[in-house]
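Just so it is clear, the model here is predicted, and its values are computed rather than measured. Numbering starts at 1 and runs along the sequence shown. Only this structure's heavy atoms are used, side chains among them; waters, hydrogens and symmetry mates stay out.
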Amino acid sequence: TPLSTSSSAGGVSGAVSKTVTAPLEKVKLAIQNQDSDPRVLSGEMKRYTGIPDALKRHITELGPASLWRGNFANCIHYVPTAAFNLAFKDNIKKLFPKYKKEVEFGKFAASQIASGAFVGGATNTLVYPLIYVRTILGADLGKEKKYSGMVDCLKKTVQTNGFLSLYNGIGPSTASIVVYRGAQFGLQDILKAYNPYQKDFTPIGLASKFAVAQVAVASSGIISYPFDTMQRRLQIEASKPKEQQLYTGMTDCFGKILKQEGVGGFFKGALANVLRGTGAALVLVIYDEIINAVSK
């Protein structure tokens, strides 16, 4: 796949799908992180009870536009992320040994997953401050916005907690992205290899490709979700003054969530995340279709 074609196809379809699914991502961030929000902990603000309640209260209490808070940062971060992941996926795969799935399925699967994980981990480190901004703007539940935008958020965070605080949560984030990307691209390619309609452009062919992508995204999203929760909670710590911070690091965060919220605490907002994953599935299908059309 030519690099420039891959990058533009991946970036554009990514930004479009992120904007369409932004309200679900906003709700996911709100439900996932409300138990570390000082206003919720103090009783000043009621907890969201689920997706319908969160959507309704965002609209009535914060205004409809609040559902797109942080979306611009998300698109900005998503364009290089999607472009790197989708473009380099094919190019890095060439560096790994090739195995025939019929003869050596274990090695075939390991090679697919390793190449996806390698790309994901490297890309994540490059774009992490942008992911930080997206999390903070998206998890803001105040009537008055805490930050006026991306630059203001970065500037104030560095002033309050130092430059390295922009990398809060990079540990669980790297684990999450490696597990997620590895599972997603690995499953995607393995399922694709077994999909008899893969080269079919009929409605059945398109539906089968969408189903493959959806299964890959939903499964990997659930597998990696506890890491994502720890990442977001630790990122939000960087936006708080020292006296309001709850967690000292990944191990402390893991222990406190488990003790105070139980295992379910790691999966808050997971349903909204699976629904949002439909957007990611669309990205992969649209990407494949654009590449198929261009390479004809």
Query raised in the report: Are Leu206 and Leu191 co-members of a hydrophobic cluster defined by side-chain heavy atoms under 4.5 Å apart?
Result: no

Query - Side-chain H-bond candidate by donor/acceptor type, Ser176 with Gln231, under 3.5 Å - result: no

Report task. Of all the heavy-atom pairs spanning Ala30 and Tyr48, show the shortest one and how long it is. Result -> CB-CE1, 3.8 Å

Query - Side chain Asn33, main chain Leu29, donor-acceptor under 3.5 Å - result: yes

**Report entry** Spacing of Glu104 atom CD and Lys98 atom NZ [to the nearest 0.5 Å]
**Finding:** 13.5 Å

Query raised in the report: Per the side chain to side chain donor-acceptor pair (under 3.5 Å) rule, which among Gln260, Lys256, Arg47 passes with Asp35?
Result: Arg47

Query raised in the report: With a 4.5 Å limit on heavy-atom distance, are the side chains of Met45 and Arg57 in contact?
Result: yes

Query raised in the report: Considering only heavy atoms from C-beta outward, does the side chain of Phe108 approach that of Ile190 to under 4.5 Å?
Result: yes

Query raised in the report: Same cluster or not: are Ile59 and Leu275 linked, directly or through other Ile, Leu, Val, Met, Phe, Trp or Tyr residues, by side-chain heavy atoms under 4.5 angstrom apart?
Result: yes

Query - Side-chain (Lys26) to main-chain (Trp68) donor-acceptor, under 3.5 angstrom - result: no

Report task. Write down the atom of Asn195, the atom of Ser208, and the distance for their closest heavy-atom approach. Result -> ND2-OG, 3.0 Å

Query - Heavy-atom neighbours of Phe72 CZ exceed 12 at 6.0 Å - result: no

Query - Expected output: side-chain Lys240 to main-chain Pro38 donor-acceptor under 3.5 Å - result: no

Query raised in the report: How about Gln235 and Tyr128: do any of their side-chain heavy atoms sit closer than 4.5 Å?
Result: yes

Query - Glu261/Arg233 ion pair, N-O < 4.0 Å - result: yes

Report task. Give the C-alpha distance, both sets of side-chain angles, the deciding distance and a yes or no for side-chain contact (heavy atoms from CB on, under 4.5 Å) between Tyr132 and Ser239. Result -> CA-CA 10 Å; Tyr132 166 77; Ser239 70; 3.7 Å; yes

Query - Ile204 atom CD1: more than 12 heavy-atom contacts under 6.0 Å - result: no

Query raised in the report: So how far is it from Ile51 CD1 to Leu271 CG, rounded to the nearest 0.5 Å?
Result: 4.0 Å

Query - For Gly265 against Thr229, the heavy-atom pair lying closest together - result: O-CG2, 3.8 Å

**Report entry** Cluster check Val212, Tyr197: I/L/V/M/F/W/Y, side chain < 4.5 angstrom
**Finding:** no

**Report entry** Separation between CD1 of Ile136 and SG of Cys153, rounded to the nearest 0.5 Å
**Finding:** 6.0 Å

Requested in this report: Report yes if some heavy atom in the side chain of Lys18 is under 4.5 Å from a heavy atom in the side chain of Glu25; otherwise report no.
Outcome: yes

Query raised in the report: Does a donor on one side chain and an acceptor on the other come within less than 3.5 Å for Thr21 and Arg276?
Result: no

Report summary line: d(Asn74 CG, Thr19 OG1) to nearest 0.5 Å is 8.0 Å

Query raised in the report: Salt bridge between Lys28 and Asp228, side-chain N to carboxylate O under 4.0 Å?
Result: yes

**Report entry** Pairwise side-chain contact, Arg134 with Ile76, heavy-atom cut-off 4.5 Å (strictly under)
**Finding:** no

Query raised in the report: Same cluster for Leu258 and Tyr225 if Ile/Leu/Val/Met/Phe/Trp/Tyr side chains link at under 4.5 Å?
Result: yes

Query raised in the report: Quick check: are there more than 12 heavy atoms from other residues, nucleotides or ligands sitting under 6.0 Å from CZ of Phe267?
Result: yes

Requested in this report: Indicate the atoms forming the closest heavy-atom contact of Leu62 with Gly142, along with that distance.
Outcome: CD2-O, 3.5 Å

Report summary line: Minimal heavy-atom distance between Ser219 and Leu187, with the atoms involved, is CB-CD1, 4.1 Å

**Report entry** Ion pair check, Asp200 and Lys209, cut-off under 4.0 Å
**Finding:** no

Query raised in the report: Between Phe254 and Tyr247, is the ring centre distance below 6.0 Å?
Result: no

Requested in this report: Using a 4.5 Å cut-off on heavy atoms from C-beta on, say whether the side chain of Met230 contacts that of Phe266.
Outcome: yes

Report task. Just do the side-chain contact (heavy atoms from CB on, under 4.5 Å) check on Phe227 and Met250 with the steps written out, would you? Result -> CA-CA 9 Å; Phe227 292 108; Met250 182 176 169; 4.2 Å; yes

Query raised in the report: What's the spacing between Asn168 CG and Ile236 CD1 if we round to 0.5 Å?
Result: 11.0 Å

Query raised in the report: Could you give the distance from CE (Met150) to NE2 (His77), rounded to the nearest 0.5 Å?
Result: 10.5 Å

**Report entry** Residue among Ile131, Thr157, Val133 satisfying side chain to side chain contact (heavy atoms under 4.5 Å, CB included) with Leu166
**Finding:** Thr157

Query raised in the report: Quick check: are there more than 12 heavy atoms from other residues, nucleotides or ligands sitting under 6.0 Å from CD of Glu243?
Result: yes

Query raised in the report: Is the NZ atom of Lys146 crowded by more than 12 outside heavy atoms at less than 6.0 Å?
Result: yes

Requested in this report: State yes or no: do Val158 and Ile170 share one hydrophobic cluster built from I, L, V, M, F, W and Y residues joined by side-chain heavy-atom distances below 4.5 Å, directly or via other members?
Outcome: yes

Query raised in the report: Would a distance-only check, ignoring hydrogens and angles, find a side-chain to backbone donor-acceptor pair under 3.5 Å from Asp140 to Lys145?
Result: no

Report summary line: Nearest heavy-atom contact between Ser224 and Val179 is CB-CG1, 4.0 Å

